[in-house]
Amino acid sequence: MSRTLPWYDQVTWSEQFSGGGGFADGVRRVPGNRIVTAGNHALHAVATYRTNHPTVDVRCADLSQTVPSDWPRTHALWSSPECTNHTVAQGKVRGHGEFVDGLFSTTGEDETAIRSRATMHCVPRFAEHHQYLFIVVENVVEARWWGPKHNKG
């Protein structure tokens with residue numbers, strides 16, 4: 001006899017900035033949960049993820065430049081945006097840079113760091129389109145101040 005489970009017994013996940021698939025290792029141990037799609041910009045991370053999780057649709061893409069509607073709809077999102085330019089992880093105080101239109105510095109000095117911090121925008125962009133039932137953002141505590149100095153978080 002087959003039984004149809006309610007949606008909460010069949011939770012599907014999308015994973016952003018997936019790395020080698022550590023989150024997916026945990027998800028596959030929870031009955032009824034599965035990762036549908038995962039994305040990362042680094043070829044080596046995508047290759048590792050595909051090896052570890054061959055049933056997942058893993059995409060190599062700059063998530064800050066992708067269109068959310070090109071990704072499958074799932075119940076939930078797990079996102080781990082880049083953190084080294086949000087924190088003191090590089091051994092220096094994080095500068096906010098001068099912002100023009102909220103992204104690029106006028107001097108170019110912190111442009112890489114500012115562009116890196118744009119990965120945080122992937123969470124609300126994808127959430128707005130997909131209307132996930134729940135979202136988990138995994139990051140370091142300092143990431144809560146990812147915005148410009150005058151408008152933190």
Side-chain angles (χ1 to χ4, degrees), residues 2-97 102-103 110-148 151-153:
S2 83
R3 177 181 145 217
T4 303
L5 300 172
W7 74 264
Y8 51 83
D9 285 337
Q10 301 177 49
V11 178
T12 58
W13 290 85
S14 294
E15 186 176 0
Q16 294 180 335
F17 313 102
S18 55
F23 173 69
D25 282 340
V27 165
R28 72 179 175 194
R29 293 184 173 128
V30 179
N33 281 257
R34 69 184 173 89
I35 304 286
V36 172
T37 189
N40 195 299
H41 68 283
L43 286 171
H44 67 279
V46 170
T48 302
Y49 198 107
R50 282 185 180 140
T51 298
N52 293 335
H53 305 284
T55 62
V56 177
D57 172 17
V58 187
R59 302 175 184 193
C60 188
D62 177 349
L63 295 171
S64 69
Q65 300 300 308
T66 61
V67 178
S69 62
D70 290 344
W71 295 72
R73 190 170 300 272
T74 59
H75 295 112
L77 172 67
W78 176 276
S79 188
S80 300
E82 189 274 338
C83 68
T84 57
N85 287 297
H86 296 81
T87 69
V88 296
Q90 295 178 333
K92 60 183 179 181
V93 175
R94 176 179 73 90
H96 293 268
L103 184 57
D110 286 337
E111 193 167 308
T112 300
I114 293 166
R115 180 98 180 128
S116 168
R117 289 195 302 270
T119 62
M120 286 290 189
H121 291 288
C122 294
V123 177
R125 278 189 329 105
F126 276 72
E128 181 179 38
H129 175 77
H130 289 288
Q131 299 294 304
Y132 301 107
L133 296 174
F134 49 98
I135 298 168
V136 178
V137 179
E138 178 274 327
N139 217 295
V140 296
V141 174
E142 295 92 346
R144 72 186 184 276
W145 305 118
W146 63 276
N151 187 19
K152 294 180 179 178

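Scope of the values below: all heavy atoms of this structure, side chains included, with no hydrogens, waters or symmetry mates.
Of all heavy-atom pairs between V56 and A38, the closest is CG1-N, 4.0 Å. Taking all atoms of both residues into account, the shortest heavy-atom contact from C60 to L43 is SG-CD2, 3.5 Å. The two atoms that bring G19 and Y49 nearest to each other are O-CD1, 3.5 Å, heavy atoms only. Closest approach of G20 to N52, counting heavy atoms only: O-ND2, 3.0 Å. Shown here for H75 and Q10, the closest heavy-atom pair between the two residues is CE1-O, 3.1 Å. For V36 against P72, the heavy-atom pair with the smallest separation is CG1-CG, 4.1 Å.
Checked against the 6.0 Å centroid criterion, the rings of F17 and W78 do not qualify as a close aromatic pair.
Side-chain contact between D57 and R59 is present, with at least one heavy-atom pair separated by less than 4.5 Å. H41 places none of its side-chain heavy atoms less than 4.5 Å from the side chain of L63. Within the 4.5 Å cutoff, the side chain of T74 has no heavy atoms near those of the E15 side chain. Side-chain atoms of H53 and D25, non-hydrogen and from C-beta on, do get closer than 4.5 Å to each other. You'll find the side chain of F126 stays beyond 4.5 Å of the side chain of I135, heavy atoms only. Under the 4.5 Å side-chain criterion, counting only non-hydrogen atoms from C-beta, W71 is in contact with T66.
Distance alone, capped at 3.5 Å, is enough to place a donor-acceptor pair between the R73 side chain and the H130 backbone. The backbone N or O of P68 lies less than 3.5 Å from no partner atom in the side chain of R125, so there is not a single donor-acceptor pair. Within the 3.5 Å criterion, the main-chain N or O of S14 finds no donor-acceptor partner in the side chain of T37.
Separating the CG atom in L77 from the OG1 atom in T12 is a distance of 11.0 Å, to the nearest 0.5 Å. The SG atom of C122 sits 7.5 Å away from the CG atom of D62 when rounded to the nearest 0.5 Å.
In the displayed structure, H44 atom NE2 is contacted under 6.0 Å by at most 12 heavy atoms of other residues, nucleotides or ligands.
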side-chain contact (heavy atoms from CB on, under 4.5 Å) between V11 and F134, worked out: CA-CA 10 Å; V11 178; F134 49 98; 3.7 Å; yes

